[in-house]
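Below: one structure, written as structure tokens.
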Amino acid sequence: FYLFRLLCKLLKDYFWASGLAILFFSSPLLVYYANNYLTNASALALGIIGLYHFYSFYESKRTVSLYYSALFYFLAGSFKITGLFMVFSILGYLIIERKGILQLSNSKFRIFKRKIFQITPFLIVLIIIGGWIIYARFYNTQHNSHHFSTTIFPIWNLDLEEIQGTFERIRKLWMPSYYSKYTLILLGLLGLSIPVNYRYIHPLILTLTILLLPIIILFILFQFWTFKQHDYYTINLYILSVMILAASFSGILNRFPHLSRNYILKSLFVVFLLVNVVYARKEYTRRFSGWMNENSEFLAFREIKDKL
């Protein structure tokens with residue numbers, strides 16, 4: 001709902017705002033885990049609400065929206081520390097403004113007028129959550145507990161064969177739950193359209209997207225081994241999909257405004273949405289009754305030891 005509200009503010013178009021929000025949630029991974037106990041999906045959702053309030057602050061310059069944004073990012077980071085990806089992008093935006101880097105920090109785009117006062121809420125969020133993570137790691141180390149992941153699993157700890165095996169497992173086992181292959185291709189093409197249409201993209205969204213990309217890449221490198229084990233480690237990476245959709249469509253609709261009124265394109269997009277919804281339902285059903293569910297076809301493997 002807040003993704004829809006954010007896209008409405010950005011695109012000024014109810015059809016594309018609702019359509020893109022539905023497309024985003026047509027990921028079988030999100031459909032499955034949003035209705036489960038893991039905190040990853042909740043952290044992603046709270047982060048999207050935080051992003052909405054930050055964009056509202058950009059538009060209205062009302063400090064209360066900034067505090068709402070920090071509050072929801074505090075909740076997101078408390079649920080899962082990876083819910084804080086966008087906070088680092090926001091802090092990066094502050095540095096760009098302060099140093100006057102690139103034209104993206106032109107005075108008419110500046111949002112942090114009272115820098116220290118306005119950035120303090122986000123610093124407090126990082127200090128509290130960072131302090132808790134340090135304490136949790138210390139406590140678990142003291143008690144020799146390895147059940148909670150308070151460390152990293154970087155790519156440089158793996159040899160070439162293990163790296164190739166991780167990529168192969170992701171491709172065969174987990175990638176179908178990310179999105180349908182057609183949606184993955186679309187997201188890739190939309191991502192490539194960003195540098196082409198950068199002059200037409202909302203400056204704040206463009207800057208945050210650019211800053212988010214290296215953060216996501218660094219996280220993948222630091223936690224590379226985990227992506228082999230489960231698909232839910234990628235949930236909070238979906239904030240990049242949010243930014244790609246927002247940035248690319250901001251550029252496309254601003255450059256080609258007639259597309260927002262093209263009913264043939266809209267009809268094709270509705271069909272594409274339906275295909276994705278059907279695909280998500282198919283994958284969702286497979287998670288409960290297909291081969292991935294040990295209580296169905298593969299239950300026999302749990303009993304084979306006793307039989308032997």
Output, in order, the C-alpha distance, side-chain angles, deciding distance and verdict of side-chain contact (heavy atoms from CB on, under 4.5 Å) for Leu51 and Ser69.
CA-CA 7 Å; Leu51 179 61; Ser69 177; over 6 Å; no
Looking at every heavy atom in both [X] and [Y], which two are closest together, and how far apart are they?
X	Y	value
Pro121	Ala70	CB-CB, 3.5 Å
Met243	Ile205	CE-O, 3.9 Å
Pro203	Thr207	O-OG1, 2.7 Å
Val31	Ala280	CG2-CB, 4.4 Å
Leu29	Thr234	CD2-OG1, 3.2 Å
Leu211	Ser89	CD1-O, 3.3 Å

Just by modelled atom types, is the Ile235 backbone N or O under 3.5 Å from a matching donor or acceptor in the Asn40 side chain?
no
State whether the side chain of Lys80 and the backbone N or O of Gly77 hold a donor-acceptor pair below 3.5 Å, judged by distance alone.
no
Indicate yes or no: at least one non-hydrogen side-chain atom of [X] is less than 4.5 angstrom from one of [Y].
X	Y	answer
Phe269	Leu20	yes
Leu91	Leu123	yes
Pro28	Pro176	no
Lys228	Ile170	no
Ile239	Thr82	no
Leu66	His53	no
Phe54	Ser65	no

Going by the rule side-chain hydrogen bond (donor to acceptor under 3.5 Å, both in side chains), which residues pair with Ser193 if we only count those two or more places apart in sequence or in a different chain?
none
Mind checking side-chain hydrogen bond (donor to acceptor under 3.5 Å, both in side chains) for His202 and listing every partner two or more places apart, or none if nothing turns up?
Tyr55
Which atom pairs, donor and acceptor, lie under 3.5 Å between side-chain atoms of residues 255-262 and protein residues at least two apart or in another chain?
unit_1	atom_1	unit_2	atom_2	d
Arg255	NH1	Asn197	OD1	2.7
Ser260	OG	Pro257	O	2.7
Asn262	OD1	Ile264	N	3.0
Asn262	OD1	Leu265	N	2.9

For the [atom1] atom of [X] and the [atom2] atom of [Y], what is their distance to the nearest 0.5 Å?
X	Y	atom1	atom2	value
Glu59	Leu204	CD	CG	10.0 Å
Leu253	Ile201	CG	CD1	11.0 Å
Leu11	Phe4	CG	CZ	10.5 Å
Leu187	Leu23	CG	CG	6.5 Å
Gln229	Leu173	CD	CG	10.5 Å
Leu75	Leu71	CG	CG	5.0 Å

So, using ring-ring contact (aromatic ring centres under 6.0 Å, His included) as the criterion, who are the partners of [X] when residues are at least two apart?
X	value
His143	Tyr139
Phe272	none
Tyr33	Tyr232
Phe24	none

Run the side-chain contact (heavy atoms from CB on, under 4.5 Å) test on Arg62 and Ser56 for me, step by step, so that the C-alpha distance in whole Å, both residues' side-chain angles and the decisive distance to 0.1 Å come before the verdict.
CA-CA 8 Å; Arg62 294 174 65 244; Ser56 296; over 6 Å; no
If only side-chain N and O atoms count, and only distance matters, is there a donor-acceptor pair under 3.5 Å linking [Y] with [X]?
X	Y	value
Tyr52	Arg5	yes
Thr183	Ser180	yes
Tyr238	Ser27	yes

Between [X] and [Y], is there shared hydrophobic-cluster membership here, with clusters defined by ILVMFWY side-chain heavy atoms closer than 4.5 Å?
X	Y	value
Val196	Leu190	no
Val278	Phe25	no
Tyr37	Leu46	yes
Tyr179	Val270	yes

Does Lys181 have any salt bridge (charged side-chain N to carboxylate O under 4.0 Å, His left out) partners at least two apart in sequence or in another chain, and if so, which?
none
When you look at OH of Tyr68, are more than 12 heavy atoms from neighbouring residues, nucleotides or ligands closer to it than 6.0 Å?
no
With a 6.0 Å cut-off (strictly less than), is the heavy-atom count around OH of Tyr14, excluding the residue itself, greater than 12?
no
Are Tyr67 and Phe122 close enough, and set up right, to give a ring-ring contact (aromatic ring centres under 6.0 Å, His included), and what steps lead you there?
CA-CA 9 Å; Tyr67 285 110; Phe122 295 103; 8.9 Å; no
Keeping to residues at least two apart or across chains, list the ring-ring contact (aromatic ring centres under 6.0 Å, His included) pairs with something in residues 73-92.
Phe85-Phe219
Enumerate donor-acceptor pairs with a distance under 3.5 Å from any side-chain N or O in residues 153-163 to protein atoms, sequence neighbours excluded.
unit_1	atom_1	unit_2	atom_2	d
Asp159	OD1	Glu161	N	3.2
Asp159	OD1	Glu162	N	2.7
Glu162	OE1	Asp159	N	3.0

Tell me if the aromatic rings of Phe227 and Trp174 count as close, with their centers under 6.0 Å from one another.
no
side-chain contact (heavy atoms from CB on, under 4.5 Å) between Tyr279 and Leu274, worked out:
CA-CA 8 Å; Tyr279 176 81; Leu274 290 174; over 6 Å; no
Please assess Phe288 against Tyr284 for the test ring-ring contact (aromatic ring centres under 6.0 Å, His included), listing each intermediate value before the final yes or no.
CA-CA 7 Å; Phe288 283 105; Tyr284 184 80; 5.1 Å; yes
Please assess Leu208 against Leu212 for the test side-chain contact (heavy atoms from CB on, under 4.5 Å), listing each intermediate value before the final yes or no.
CA-CA 6 Å; Leu208 291 178; Leu212 180 63; over 6 Å; no
Going by the salt bridge (Lys or Arg N to Asp or Glu O under 4.0 Å) test, which pairs reach into residues 263-285, not counting sequence neighbours?
Glu283-Arg286
Qualifying salt bridge (Lys or Arg N to Asp or Glu O under 4.0 Å) pairs with a residue from residues 167-180, counting only residues at least two apart or across chains
Glu168-Arg171, Glu168-Lys172
